[in-house]
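Some notes on the structure that comes next.
All residue numbers refer to positions in the sequence shown, counting from 1.
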Amino acid sequence: MEILAPCGGTESFTAAINAGTDAVYLGLNKFSARGNATNFTFDELESVIRQSRLYGVKLYLALNTLIFDDELTLLREYIGQAVEMGIDAVIVQDLGVASIVKRISPHTRLHASTQMTTTTVEGANALQKLGFTRVVLARELSREEIRGICNKSSIETEVFVHGAHCVSVSGQCYMSSILGGSIYRSGNRGMCAQPCRLDFCERDKNVHYALSLKDLSLIRHIGELKEMGVTSIKIEGRMKRPEYVAATVEAFRATLDGLNPDIDLLGRVFSRGGFTDGYFTGNCSNANMLGSRTKEDVTATAEAIREIKARSLKSPYKRYTVYFNLIIKENKPTKCIVRTNDISVTVIGAVPEKALNKSTTEDFIKAQMLKLGGTIFLAGGIECDIEPGLMLKTSQINGIRREALQKLSDEIIKIKEHYDKSP
């Protein structure tokens, strides 16, 4: 089951990658349902696509706003450029956008946005007939409804498992547009002002923030979603900080890997008076559903962000196990072969010198070659064929290791670029 992380900007992309996500979704500076996020330029998109190939991570582009007629020319340019760069799928709400994507690039995968409000098997099957490969289910579904769609439809299913809830049905809210006095202030145009977060009260009742819902969290139900056959679990948060992205991805990665997630950190990094699973479980009481940001929440978030920054935002998740074979012979250049899966590269290093005092030992070679901290590679093992009485400098050994890993990285990207461009 895929973990899908939100990326509002390049820092969030790095946080998601390093935390161990399987896929990311992001928007450009137009046509994204999170218009107030930093979002990405095309130069940045090209860079993160190349990185995502190295990391084995899928990249989905959100073009999920409703489109006006006078935007069609620019939309076509955006789609054409993004497809040419090699995005893995496009997330859309507007069926007109879906049609344009298919005309420009018939092989590009289409994901139906949660804003399409897909709540039934019939809706999922209809989208599949229209050429969609995945449906992002409405956030308001129960476990029984999700299970029914998974059981009776062959389309891929994506389910939101963490992040903000909309008090309206996903994709059907015009409260921001009406109160803001402009069609451009709509959530369906990526410019929701979140008026539902204001302190509305129930008449004659002591219920404040009566429209503001707690954030969703289904981390305790991941095993059940996996058993149902859900393809992808999606984290909301393109407007959130990179530290939020790191903490949420780490928690869901740990859960899928059978480890204990840091639930305490997950709650502190962002919540609105706690979390709810009310739609999923059917417990939709006010106490379980309503919530707002308190001073305590804000304080807890500040502390959590400091904790996350102090540790491992820069430590990459290990994605490949590598094996080295090092050959050191007299009067011959040092040869290093490094492989992962079915990919192998060879690096030629310096000719070893005759040792005057101390020979280079196999233990020393292993200690230097297996220094893979700060990379996406995990040491699987090393075989050494070393003639006695020879010496390599530490800098030469380290240089061989760096060149080998760089060459392997380039080969991984090259192979995946070729694969992505194949029909």
Side-chain angles (χ1 to χ4, degrees), residues 10 13-14 16-22 43-44 46-59 85-86 88 312-422:
T10 54
F13 174 80
T14 301
I17 292 295
N18 287 352
T21 194
D22 300 305
D43 285 343
E44 290 170 334
E46 187 172 29
S47 174
V48 298
I49 287 175
R50 181 175 174 82
Q51 292 178 64
S52 68
R53 286 180 175 134
L54 171 60
Y55 300 135
V57 166
K58 298 292 185 182
L59 192 148
M85 287 181 177
D88 292 291
S312 60
L313 270 182
K314 296 180 181 179
S315 299
Y317 183 76
K318 301 296 184 181
R319 296 182 181 273
Y320 302 94
T321 300
V322 293
Y323 300 87
F324 294 95
N325 187 352
L326 203 68
I327 303 170
I328 303 175
K329 301 286 185 181
E330 187 176 359
N331 297 325
K332 292 184 178 181
T334 301
K335 183 177 181 181
C336 176
I337 303 168
V338 59
R339 60 182 174 83
T340 182
N341 301 332
D342 55 350
I343 302 173
S344 173
V345 298
T346 300
V347 169
I348 303 300
V351 176
E353 301 173 11
K354 285 191 175 182
L356 298 178
N357 297 310
K358 190 175 181 181
S359 302
T360 297
T361 65
E362 182 172 333
D363 287 344
F364 184 75
I365 288 284
K366 288 181 177 179
Q368 295 304 121
M369 290 298 294
L370 299 183
K371 288 182 177 179
L372 305 181
T375 75
I376 60 173
F377 298 106
L378 178 69
I382 181 168
E383 294 181 6
C384 297
D385 182 4
I386 307 174
E387 287 186 352
L390 301 177
M391 188 272 292
L392 275 178
K393 296 176 182 177
T394 302
S395 60
Q396 292 172 328
I397 299 170
N398 291 340
I400 289 171
R401 184 193 66 242
R402 286 192 293 267
E403 185 181 350
L405 294 181
Q406 183 59 59
K407 194 170 181 180
L408 183 63
S409 297
D410 293 341
E411 188 65 18
I412 290 170
I413 293 172
K414 180 180 176 182
I415 289 172
K416 290 187 176 178
E417 282 180 341
H418 174 77
Y419 174 80
D420 288 345
K421 290 179 180 180
S422 300

Quiz prompt | Nearest heavy-atom neighbours spanning I382 and K366 | solution = CG2-CG, 3.2 Å

Exercise. Find the distance between CG (N325) and SG (C384) and round it off to the nearest 0.5 Å.
Key: 8.0 Å

Quiz prompt | Interatomic distance, Y323 atom OH to E383 atom CD [nearest 0.5 angstrom] | solution = 11.0 Å

Exercise. Look up atom CD in Q396 and atom CZ in R401, then write down how far apart they are to the nearest 0.5 Å.
Key: 13.5 Å

Practice problem: Check for a donor-acceptor pair, side chain of Y320 on one end and backbone N or O of L54 on the other, with a separation under 3.5 Å. | Solution: yes

Practice problem: Kindly indicate, with the supporting measurements, whether the criterion side chain to side chain contact (heavy atoms under 4.5 Å, CB included) is fulfilled by Y317 and T21. | Solution: CA-CA 9 Å; Y317 183 76; T21 194; over 6 Å; no

Quiz item: Taking all non-hydrogen atoms of both residues, which atom of K335 and which atom of I348 are closest, and how far apart?
Solution: CG-CD1, 4.0 Å

Quiz item: Taking only residues two or more places apart in sequence, or in another chain, which ones meet S47 in a side chain to side chain donor-acceptor pair (under 3.5 Å)?
Solution: Q51

Practice problem: Return the minimal non-hydrogen interatomic distance between A404 and V345, and the atom names on each side. | Solution: O-CG2, 3.8 Å

Quiz prompt | A350 backbone acceptor or donor facing T334 side chain under 3.5 Å | solution = yes

Practice problem: Hey, could you give me the CG/NZ distance between N331 and K354, rounded to the nearest 0.5 Å? | Solution: 7.0 Å

Quiz item: Which heavy atom of G374 sits nearest a heavy atom of P316, and at what distance?
Solution: O-CG, 3.7 Å

Self-check item: Minimum side-chain heavy-atom gap T14-T10 below 4.5 Å
Solution: no

Self-check item: Taking every non-hydrogen atom, the tightest pair across M391 and K358
Solution: CG-O, 4.0 Å

Quiz item: From I328 CD1 over to I400 CD1, what is the distance, rounded to the nearest 0.5 angstrom?
Solution: 7.0 Å

Exercise. For residues I49 and L59, report the shortest heavy-atom separation together with the two atoms involved.
Key: CG1-CD1, 3.9 Å

Quiz item: What is the distance from atom CZ of F13 to atom OH of Y55, rounded to the nearest 0.5 Å?
Solution: 7.0 Å

Exercise. Please confirm whether the backbone N or O of L392 pairs with a side-chain atom of T360, one donor and one acceptor, at under 3.5 Å?
Key: yes

Quiz item: For K329, does the NZ atom sit with more than 12 other heavy atoms under 6.0 Å from it, leaving out its own atoms?
Solution: yes

Quiz item: Short question: side chain of T340, backbone of V322 - any donor-acceptor pair under 3.5 Å?
Solution: no

Practice problem: Indicate yes or no: does K407 engage E411 in a salt bridge with an N to O separation below 4.0 Å. | Solution: no

Quiz item: Is the shortest heavy-atom distance from the side chain of F377 to the side chain of V338 under 4.5 Å?
Solution: no

Exercise. Give a yes or no on whether the backbone of R53 and the side-chain of K416 come within a donor-acceptor separation of less than 3.5 Å.
Key: yes

Quiz item: So, K318 side chain and I376 main chain: donor-acceptor pair closer than 3.5 Å or not?
Solution: no

Quiz item: Just by modelled atom types, is the I17 backbone N or O under 3.5 Å from a matching donor or acceptor in the R319 side chain?
Solution: yes

